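Predicted model, so just to flag it, every value in this text is computed and none were measured.
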Amino acid sequence: GHHTDYSIAQKNHMILGDAGERAVVELEKRKLRAIGRIDLANRVEWVSKTQGDGLGYDVLSFEVNDKGDSIDLYIEVKTTTGGVDKPFEISKNEVDFAEEFPDNFVIIRIFEFKMLGANIKYYKVSGSVKEGFDLSASSYIASIR
């Protein structure tokens with residue numbers, strides 16, 4: 001066995017998650033500014049901060065189609081300090097949201113994250129989480145029969 005200070009671990013997890021989400025907000029704004037869509041860049045929203053957790057995604061951004069129309073993009077950010085292959089946690093709510101909005105949902109997976117680093121390593125997986133990843137249960141909720 002070992003002793004874990006769960007309050008410190010949770011605080012570190014929150015700091016890391018916030019830093020990754022902040023980085024994605026800036027990446028999305030930069031992407032939209034680069035294609036001349038300042039209007040959309042100004043509408044990128046860090047919803048996990050402005051509206052709270054539990055929506056099923058962290059950042060509202062936009063894609064622009066060939067006609068120039070904007071399409072809502074729901075981004076779930078997953079950040080770890082581990083390598084590209086390190087598994088990450090995802091909630092049932094996030095998986096369910098991706099199933100409901102597969103055409104608009106994307107996971108941005110940040111890996112080998114360094115708080116003071118300028119270069120962010122990441123990949124994107126769009127659509128259904130169930131189709132894009134191997135999922136395995138890490139905990140259960142038990143109710144007495």
Might you point out which heavy atoms bring S61 and I75 nearest each other, and give the distance in Å? CB-CD1, 3.8 Å
Donor-acceptor list for residues 133-143 side chains, cut-off 3.5 Å, not counting sequence neighbours:
none

Closest non-hydrogen atom pair, S128 against P102: N-CB, 4.1 Å
Using 0.5 Å steps for rounding, measure from the CG atom of D58 to the CD1 atom of I107. 10.0 Å
Over 60° means perpendicular and under 30° means parallel, so classify the ring planes of Y74 and F97, tilted if in between. perpendicular
State whether D39 and R37 are salt-bridged, where the test is any N-O pair (Lys NZ or Arg NE/NH1/NH2 against Asp/Glu carboxylate O) under 4.0 Å. yes
Could you tell me if the side chain of I71 sits less than 4.5 Å from the side chain of V64, heavy atoms only? no
Q10 (side chain) donor-acceptor with S7 (main chain) under 3.5 angstrom: no
Could you name each residue pair satisfying salt bridge (Lys or Arg N to Asp or Glu O under 4.0 Å) that touches residues 82-93, not counting sequence neighbours? K92-D96
Please tabulate, one pair per line, all N/O donor-acceptor pairs under 3.5 Å involving side-chain atoms of residues 16-26, not counting sequence neighbours.
from, atom 1, to, atom 2, distance (Å)
D18, OD1, K49, NZ, 3.3
D18, OD2, K49, NZ, 3.0
E21, OE1, W46, NE1, 2.6
E21, OE1, S48, OG, 2.6

E131 vs E99 side-chain heavy atoms within contact, under 4.5 Å: no
Shortest non-hydrogen separation from F62 to V44 and the atoms involved: CE1-N, 4.1 Å
Got V129 and F105 here, is their nearest side-chain heavy-atom distance under 4.5 Å? yes
Residues two or more places apart in sequence or in another chain: which of them pass salt bridge (Lys or Arg N to Asp or Glu O under 4.0 Å) with K29? none
Minimum heavy-atom distance G54-N93, with the two atoms named: O-ND2, 2.8 Å
According to a 4.5 Å side-chain heavy-atom criterion applied to Ile, Leu, Val, Met, Phe, Trp and Tyr, with indirect links allowed, do I35 and L40 form part of one hydrophobic cluster? yes
Can you tell me if N42 uses its side chain to pair, donor with acceptor, with the backbone of I38 under 3.5 Å? yes
Whether N104 side chain and D72 backbone form a donor-acceptor pair below 3.5 Å: yes
Do you know which two heavy atoms are closest between G127 and A98, and how far apart they sit? O-CB, 4.0 Å
Given salt bridge (charged side-chain N to carboxylate O under 4.0 Å, His left out), test R43 with E28 step by step and report yes or no. CA-CA 10 Å; R43 291 178 47 208; E28 288 298 303; over 6 Å; no
Give every residue pair that meets the salt bridge (Lys or Arg N to Asp or Glu O under 4.0 Å) criterion with at least one member in residues 4-13, sequence neighbours excluded. none
Transitively linked via ILVMFWY side-chain contacts under 4.5 Å: F88 with I15? yes
How would you list all residue pairs meeting salt bridge (Lys or Arg N to Asp or Glu O under 4.0 Å) that involve residues 100-112, not counting sequence neighbours? E112-K121
Side-chain heavy-atom pair V77, I110 within 4.5 angstrom cut-off: yes
Please say yes or no: joined through hydrophobic side-chain contacts below 4.5 Å, possibly via intermediate residues, are I90 and V84 part of one cluster? yes
Between atom CD1 of I120 and atom CZ of F111, what is the distance when rounded to the nearest 0.5 Å? 11.0 Å
Quick check: do K130 and V95 have side-chain heavy atoms less than 4.5 Å from each other? yes
Side-chain touch Y122/F113, heavy atoms, less than 4.5 angstrom: no
Treat each ILVMFWY residue as a node, draw an edge where side-chain heavy atoms are under 4.5 Å apart, and state whether L55 and M14 are in one component. no
